[in-house]
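Numbering of residues begins at 1 and proceeds along the displayed sequence. Whatever order the structure lists ligands and atoms in, that order sets their numbers, starting from 1.
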Amino acid sequence: MRILWRLHGCCARLLTTTCFGTAALNTSFSTAWKPLAQHFDRLSGLFIDVQRNSSFRMHETVENKIDPELYSPHPDVRGMTILDRAAFKKTITVPVLKVKKEIINRLLKSLKHMVLHRAGLKRVIDDPEDEHHKLVLLDPHKMSSEGSLGEADRKILEQFDIIPELAKRDVEFTYDFFKAEEIFQAVLPEGQDVTSGFSRVGHIAHLNLRDHQLPYKHLIGQVIIDKNPGITCVVNKINTIDNTYRNFQMEILAGETNMMTKVKENSIQYEFDFSKVYWNPRLSTEHSRIVDLLKPGDVLFDVFAGVGPFAILAARKKCRVFANDLNPDSYKWLQHNCKLNKVDRTVQVFNMDGRDFLRGPVKEQLTEELSLSVKEKESSLHIVMNLPALAVEFLDVFKHLLDGEPCSSNLLPTVHCYSFSKHDNPAKDIQDRAEAFLGTSLEGRCSVRLVRNVAPNKEMLCISFQVPADVLYKRQCPPEVSPEEPASKRLRPNEDSSEEKSIS
Ligand SMILES: C[S@@+](CC[C@H](N)C(=O)[O-])C[C@H]1O[C@@H](n2cnc3c(N)ncnc32)[C@H](O)[C@@H]1O
């Protein structure tokens, strides 16, 4: 069971970076053989010195191996802590194919899989000895397996009337052509994790560096700026996110100090000061998943609203929204974002503790909504509680929150409460804790979903359930509030609430 959760989490955490730059080529034939010795001596049979033997036939290749060091920057950069871009320069010898100028474009389309692709590097260069031809740079890695030199590639060349002969050229690889991962791998200590993954929040890249990476933090920050257009500031998290307002303590590693940022999530614009509020770009799917459950006219109470990613999305769907956050900065940006997205009339915002919000505005509104007869009332009520470290502990507020007669069970509000779990069975763990705070069993009347894997052995989950009438009302409920359609049925799309089913 644990493995299922872990797999899901790993998939969610894949992250890539890109590189860009300008080309710098050394196309001299005279130096071609020297680096060959460095890189291709081990690749028996693939390259033959152009000075001694100007070409070879691709199908003559008998054995090829991939050189894992081929795209490594100059080895002297190992241990560098202050970025010296010039030190990364390295000459790489690549195979080239001589092609008539007129057919270059058509051929490139067919040879896409073999061409050397590096952001900023020219794939086609002039042939200094022949003005009617050009040279296409090929990727040595793509050339070095039997498959890429096989029948299919030769047939392509035959179709273009090209003799399958390769020469070689020296290409000067500068800092610009190396990818961020290649740079980190070359600089940081060998054999240690060099993951350069980061969260992007507008122009800010947000890292969570490990101890062994800290001596290189400024270099890492600068490389991320260099290799990711649009990122102008890199910060590192310096505490675990355990403060009340869930914002990070952060250190600026490189770039500008401006923490005021703009992001777009689910087609909605948000603006805020990232150093003062909570924002996690990995929650966008969760925000839309919850709002997808709502229909126009429904009511959403967002107890821990942050700068508004559930609230504003729901308001844009024409739901009525009551959004609250204790952090005065979140409250300020929540108001601002409501205006920015023209939903300030639909969202009522509050700046209070979640308990007070539930006992005050939420209670008042629920009382009003639930006093309407079933006929009058078509909208449903949702309460979202995204404060995963603590929200479950707020569930006791629902105990006997409402006075008056228990309402029909299909009107009862649905709670979506988030929690972290390090338990072996996280779904059971969150259900057990929710039950303890509500003082009732949720067996058969809740669903639990994995939201994301937060850290090794730490999951974020969401438990959803309709607050049982006997919990919500002071007055005792009759044994069955609505026999035709019990709450449990509507809450359970599957027959049980087991985590495997929720994940699918
Ligand atoms: C994990 S963030 C979630 C923000 C937003 N809902 C989202 O999905 O991005 C939790 C929010 O709860 C707020 N918060 C923390 N303790 C609170 C409390 N006792 N009452 C109300 N809000 C609180 C924090 O300021 C923070 O904005």
Worksheet item: Given that the side chain starts at C-beta and the backbone is N, CA, C, O, which of these parts of F310 lies under 4.0 Å from ligand 1, counting heavy atoms, or is it both or neither?
Response: side chain
Discussion item. Centroid separation under 6.0 Å, is that true for the rings of Y418 and F304?
Written reply: no
Fill in: Contact (N/O only, under 3.5 Å) between L283 and ligand 1
no
Worksheet entry | D302 N/O under 3.5 Å from ligand 1 N/O | no
Discussion item. Under 3.5 Å between any N/O of L387 and any N/O of ligand 1: does that happen in this structure?
Written reply: no
Discussion item. What's the separation between atom CD1 in I312 and atom NZ in K339, rounded to the nearest 0.5 Å?
Written reply: 11.5 Å
Item to complete: Give the single entry among S330, P309, A391, G306 that approaches atom 9 (O) of ligand 1 most closely by any heavy atom.
Response: P309
Discussion item. Please check whether F394 reaches ligand 1 - meaning an N/O of the residue sits under 3.5 Å from an N/O of the ligand, judged on distance alone.
Written reply: no
Fill in: Side chain, backbone, both or neither: V384 near ligand 1, heavy atoms under 4.0 Å
neither
Worksheet item: Backbone, side chain, both or neither: what part of Y278 comes under 4.0 angstrom of ligand 1, heavy atoms only?
Response: side chain
Discussion item. Which label fits Y175 and F88: parallel for a plane angle under 30°, tilted from 30 to 60°, or perpendicular past 60°?
Written reply: perpendicular
Worksheet, complete the sentence: At under 4.0 Å between heavy atoms, what of F350 touches ligand 1? The answer is neither
Item to complete: Please state whether Y418 comes within less than 4.0 angstrom of ligand 1, counting heavy atoms only.
Response: no
Worksheet item: Does some non-hydrogen atom of H287 fall short of 4.0 Å from ligand 1?
Response: yes
Item to complete: Assign the ring pair H287 / F310 to parallel, tilted or perpendicular, where the plane angle (0 to 90°) is split at 30° and 60°.
Response: perpendicular
Worksheet entry | Interatomic spacing from NZ in K363 to CZ in F398 - rounded to 0.5 Å | 13.0 Å
Item to complete: Check if N280 has a non-hydrogen atom at a distance under 4.0 Å from any atom of ligand 1.
Response: no
Worksheet item: Is there a heavy atom of M352 sitting under 4.0 angstrom from any atom of ligand 1?
Response: yes
